[in-house]
Amino acid sequence: MRNPQQHTAPLDHEGRKELKAKARQTLSSHYPLLVALLVVASLLGTSYSMSLGFFKVPNPFAAAQAIDSTMSLGLGAGSTAVYDAIIQGNVDQGRQIAQDTAASTMGYSQDINGLQIAFSRGVLASLATSLVSGDFLIRGFLAIQGLIHSPDIATMAFILLSFSLLSLVIAATVDVYRVIYIRAFLEARTYQNIPTDRFLFLIRTRRWLHTAFTLAVAHGLELLWMLTIVGGPIKHYAYCLVPYVLAENPNIGTRQAIHLSQVLMRGHKWERFMLDLSFLGWDVLSGLTSGLIGMAYAYPYRECTNAEFYAHIRLMAKRAALQPSDDEVAGEDAKAGTVATRGSARDKASRTAATQVGLLNDPFLFNHPHPSVLEQAYRTVAETSKDLTVPHVKQPSALRQFLADVFGVVLAYDPTEDAYRNALAKQHYAQAFDLAMSGRSYPERLSPLVHNEPRLQTSHRTPLRHYSLTSLVAIFLTLSVLGWLFEVGMHLLTDGNLVNRGVLHGPWLPIYGSGALIFITLLNKARPNPVLFFVLAIICAGVLEFGTSWALEALTGQRWWDYTGYLFNIQGRICAEGLLAFGVGASLVVYIIAPILDDRLSRLPKRLVGTVCIILLCIFAADAAYSALVPNTGSGVTDIGNDISLIEAP
């Protein structure tokens, strides 16, 4: 028996050149999509988080501002200071910091044109005070200390628990996205088309939390190995394929995923190191351009190469069936004692290795299936969709027909609309199946993660639909409220106080709702093409944000946001970084959020939904009229003049 490395030549210089050549082909075929995926990764902080640095010009006064802010806050800075005091063993000092910060926070109160924002009473105020002051950290540590009477052990348990919770939260909200875009990169190397709903595969298979937990465990183990200095780099490469294993099979167990990555990387760590080292020149160029060349080419090129590396290592393992090495056989001999023979130990090790590799059970992610296999899998779909036609929705007037055809807007739901939507859903699936049957898209029916349906599905929330006026009002109000919650929450986390953001006095930011309506209606014709939609959404967002900023300043003399100091900004009203975020948000709204809201509303009584929308719209209109005369201004809302003067100072 031979070692797996004997079946295929090592990944030398020529092998790396071959992988990179394949990677360049993949990148050229899917360039816009793959770059967009990494832009989102950078915005989320998943990967290449510093690569958007070319969008922002450093503010030379930032250091002075930070020092001044720190000196004024002192030890009452809140949760961070409390955490530092706890891990240093100064629990009493941490408690005092939390009490002082809570006292100052509880005394905070601000009245903005009759709207009082205070931290004195109520559940939300108590929760916000606990988060800002760090009181929840003290309470958590005291609870642990009550169970573990040793202060040193309690401190260690507190550090481990807080780190584990933080790692799990980061893994669930940020790191999981890496598995999602890795899946896209793997499909891109084999297929021409990647449907947008493929990015929801972890949600559809209900493996999101499991994937997050596995990634958190892998990160934790790698961090512990980093404490050994020498073991850190080795284990970094040993665990580097965990996201790829999860991208192929998220049903795999946590221990299995980590162990399988170690097995696959056995004997290949140096090869992967040399592959990373071969991108050193690109890293230098990316650094010199503040990440511009990296995001435009080098980073997606690297990710395509990494996908090729995983496919290469996986192929080696499959071809060799992971025949056990001498060390593995010796281990089996030691477990079996003197009873087992050398051959039986090798057979047992072979079965174990074959079982491990068998967990990589998605062959069609790497190779096209045979036409006969596709025909068998999609036969019922072809029969169902053979005579499929989308009914034409006839409107009672030319104006209504124009609104429906161009903007995708109708006055109300009716049975014809329901039939139209169901037919569009079926047509969407039929088109997806056609792509799969022609070999242009991954055959989802052959995936081990999806249970095959005997008939054409009709429950898909297709973005290709008509929206009623009631739905548009509900979407406008919902997105306005969500936008307000987002900005208020971000201000609370960054500045530690609760501020009513926006020009209005109510809990809504109409720029978010207005943007959603613009994306849904004006870009109706672009919905079938996600890439075109993304580009047009950026343009529309820029026009909307610039126009809103100009109009507000012209009417009130105040500015509610400013991007001065950001590269690629126009008069401080819009910037490239913000527009990219708007493009991502617009795609989420049109392809996920709006269809879900529309489906939910269609199941409720039409009269009830209409009545609630009219009432809320009237309240919103009254707030808008009042705010036009007395706009919402003040601390945390329009007090950005000092920052502008600092940046523009000579």
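- Here CG of Leu536 is found 10.5 Å from CG of Leu522. Values are rounded to the nearest 0.5 Å.
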Practice problem: Apply the test salt bridge (charged side-chain N to carboxylate O under 4.0 Å, His left out) to residues Asp599 and Arg465: give CA-CA distance (whole Å), side-chain angles for both, the deciding distance (0.1 Å), then the verdict. | Solution: CA-CA 11 Å; Asp599 285 345; Arg465 60 176 65 206; 3.0 Å; yes
Quiz item: Passes side chain to side chain contact (heavy atoms under 4.5 Å, CB included), Glu303 versus Leu38? Steps please.
Solution: CA-CA 9 Å; Glu303 290 294 340; Leu38 292 191; 4.0 Å; yes
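- Of all heavy-atom pairs spanning Pro443 and Pro369, the tightest one is CG-CG, 3.9 Å.
- The main-chain N or O of Val409 is never found under 3.5 Å from a side-chain atom of His466 such that the two would form a donor-acceptor pair.
- Listed here is the closest heavy atom pair of Tyr181 and Ala41: CE2-CB, 3.9 Å.
- Between Val410 and Leu403, the closest side-chain pair of non-hydrogen atoms is not below 4.5 Å.
- Heavy atoms only, all atoms of each residue included: Leu37 and Phe185 are closest at CD1-CE1, 4.4 Å.
- Atom CD1 in Ile596 sits 11.0 Å away from atom CD1 in Ile475 (nearest 0.5 Å).
- At least one side-chain heavy atom of Leu27 sits less than 4.5 Å from a side-chain heavy atom of Tyr297.
- In this structure a side-chain-to-backbone donor-acceptor pair under 3.5 Å is present from Ser587 to Gly583.
- Between Leu359 and Asn249, the closest heavy-atom pair is O-ND2, 2.8 Å.
- Counting heavy atoms from C-beta on, the side chains of Phe201 and Pro250 come closer than 4.5 Å.
- Side-chain atoms of Tyr442 and Asn193 include no donor-acceptor pair closer than 3.5 Å.
- Between the side chains of Tyr299 and Asp283, no donor-acceptor pair is found at a separation under 3.5 Å.
- Residues Arg24 and Tyr301 bring a donor and an acceptor atom of their side chains to less than 3.5 Å of each other.
- Contact annotation: the side chain of Phe476 never approaches that of Tyr512 to less than 4.5 Å [non-hydrogen atoms, C-beta and beyond].
- A donor-acceptor contact closer than 3.5 angstrom links the side chains of Glu271 and His268.
- Among all heavy-atom pairs drawn from Leu360 and Glu248, the shortest one is C-OE2, 3.2 Å.
- A donor-acceptor distance shorter than 3.5 angstrom exists from the side chain of Gln256 to the backbone of Gly253, with no hydrogens or angles considered.
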Practice problem: For the pair Leu221 and Lys235, evaluate side chain to side chain contact (heavy atoms under 4.5 Å, CB included) and give the outcome as yes or no after the intermediate values. | Solution: CA-CA 8 Å; Leu221 291 175; Lys235 289 301 180 179; over 6 Å; no
Quiz item: Could you walk me through whether Leu597 and Ser471 pass the side chain to side chain contact (heavy atoms under 4.5 Å, CB included) check?
Solution: CA-CA 8 Å; Leu597 288 175; Ser471 286; over 6 Å; no
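- In terms of heavy atoms, Ala184 sits closest to Ile194 at O-CD1, 3.3 Å.
- Contact annotation: the side chain of Val406 never approaches that of Asn524 to less than 4.5 Å [non-hydrogen atoms, C-beta and beyond].
- Looking at Arg440, its side chain never comes within 3.5 Å of a backbone N or O of Gln192 through a donor-acceptor pair.
- Panel note: side chain Ser261, backbone Ala257; no donor-acceptor pair is recorded below 3.5 Å.
- No donor-acceptor distance shorter than 3.5 angstrom exists from the side chain of Arg189 to the backbone of Gln25, with no hydrogens or angles considered.
- Side-chain contact check for Arg272 versus Cys240: some heavy-atom pair is nearer than 4.5 Å.
- Proximity of the aromatic rings of Phe533 and Tyr591 is defined here by a centroid distance below 6.0 angstrom, and this criterion is met.
- Side-chain contact between Thr190 and Leu365 is absent, with no heavy-atom pair separated by less than 4.5 Å.
- A donor-acceptor pair shorter than 3.5 Å can be found between the side chains of Lys20 and Ser278.
- Of the possible donor and acceptor atoms, one in the side chain of His30 sits under 3.5 Å from a partner among the backbone N and O of Tyr191.
- Within the 3.5 Å criterion, the main-chain N or O of Leu11 finds no donor-acceptor partner in the side chain of His312.
- Atom CG of Leu517 and atom CG of Leu479 lie 8.0 Å apart (nearest 0.5 Å).
- Looking at Arg302 and Asp276, their side chains come closer than 4.5 Å, going by heavy atoms from C-beta outward.
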Practice problem: Start with the C-alpha distance between Leu446 and Leu374, add both sets of side-chain angles, then the distance that settles side chain to side chain contact (heavy atoms under 4.5 Å, CB included), and finish with yes or no. | Solution: CA-CA 8 Å; Leu446 296 176; Leu374 285 173; 4.0 Å; yes
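- Put simply, OG1 on Thr211 and CZ on Phe213 are 12.0 Å apart, with the number rounded to the nearest 0.5 Å.
- Arg207 contributes atom CZ, which lies 10.5 Å from atom CD1 of Ile252 (distance to the nearest 0.5 angstrom).
- Because its NZ or CZ atom is not both nearer than 6.0 Å to the ring centre of Tyr244 and within 45° of the ring axis, Arg314 does not count as a cation-pi partner of that residue.
- Annotation: the span from Lys17 atom NZ to Leu19 atom CG amounts to 12.5 Å, rounded to 0.5 Å.
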